Amino acid sequence: MLVYGVNRIAKVLGCSPITVRRIISKHEDFPFNWLSDIGTFEFNTDACQEWWDTHRNVVMKKQIPTNALQQSKFAQKLGVSTRLIAIWRQRGLPAEKLTDGSVWINRRTAKQWFLEQKDERTKFYAEKI
């Protein structure tokens, strides 16, 4: 089936339009056609899904750190918002952002980071990891 536009293929793949645009710019083997006469992209959903499944699985297996949780799962484990995790990351909480935009936090290094903090409320979260 053919779909037209980045938003449509993003919905099919279950990712953001920004991710699709990043893939188009960085991966020459991603299957799409630029239709210059109407100024939009054409995508074959089957070919794109096959590329996505193959490429994403290979890349993700290589990149995901061991003993790590995705930022949202890490926030759930601690009982805090993802916004608070983002604030902690700005303050130095070690995390790894992968090419697909997902953020992974290693539990051991995070626990160490929490224990090194001066604020007792923040140190408390080390026990929850």
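The model shown is predicted, which means the values in this text are computed figures rather than measured ones.
In this structure S16 satisfies the side-chain hydrogen bond (donor to acceptor under 3.5 Å, both in side chains) test together with T19, sequence neighbours excluded. W113 is linked by a side-chain hydrogen bond (donor to acceptor under 3.5 Å, both in side chains) to nothing, counting only residues two or more places apart in sequence or in another chain. The side-chain contact (heavy atoms from CB on, under 4.5 Å) test applied to T45 returns M1, V3, I9, V12, not counting sequence neighbours. Taking R107 as the reference, N67 meet the side-chain hydrogen bond (donor to acceptor under 3.5 Å, both in side chains) condition, with sequence neighbours excluded. Shown here are the side-chain hydrogen bond (donor to acceptor under 3.5 Å, both in side chains) partners of Q71, two or more places apart in sequence or in another chain: R89. By the side-chain contact (heavy atoms from CB on, under 4.5 Å) test, Q112 pairs with E116, sequence neighbours left out.
Residues I18 and R22 have side chains in contact (heavy-atom distance under 4.5 Å, counting atoms from C-beta outward).
Residue pairs meeting the side chain to side chain donor-acceptor pair (under 3.5 Å) criterion with at least one member in residues 74-86, sequence neighbours excluded, do not occur.
When every heavy atom of A110 is checked against every heavy atom of F74, the shortest pair comes out as CB-CZ, 3.7 Å. In this structure, A95 and V103 approach most closely via the heavy-atom pair CB-CG1, 3.8 Å. Minimum heavy-atom separation, W104 to Q70: CE3-N, 3.5 Å. Of all non-hydrogen atoms in P94 and I105, the two that sit nearest each other are O-CG2, 3.8 Å.
In this structure, the ring of W88 has its center less than 6.0 angstrom from the ring center of F114.
To the nearest 0.5 Å, atoms CD1 (I23) and SG (C15) are separated by 5.5 Å. Atom SG of C48 sits about 4.0 Å away from atom CZ of F30, to the nearest 0.5 Å.
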Expected list for residues 34-44: side-chain donor-acceptor pairs under 3.5 angstrom, two or more places apart:
{"residue": "E42", "atom": "OE1", "partner": "N33", "partner atom": "ND2", "Å": "3.0"}
{"residue": "E42", "atom": "OE2", "partner": "Y4", "partner atom": "OH", "Å": "3.2"}
{"residue": "N44", "atom": "OD1", "partner": "D46", "partner atom": "N", "Å": "2.9"}
{"residue": "N44", "atom": "OD1", "partner": "A47", "partner atom": "N", "Å": "3.2"}

What side-chain donor-acceptor pairs closer than 3.5 Å can you find for residues 121-129, not counting sequence neighbours?
{"residue": "T122", "atom": "OG1", "partner": "D119", "partner atom": "OD2", "Å": "3.2"}
{"residue": "K128", "atom": "NZ", "partner": "L78", "partner atom": "O", "Å": "3.2"}

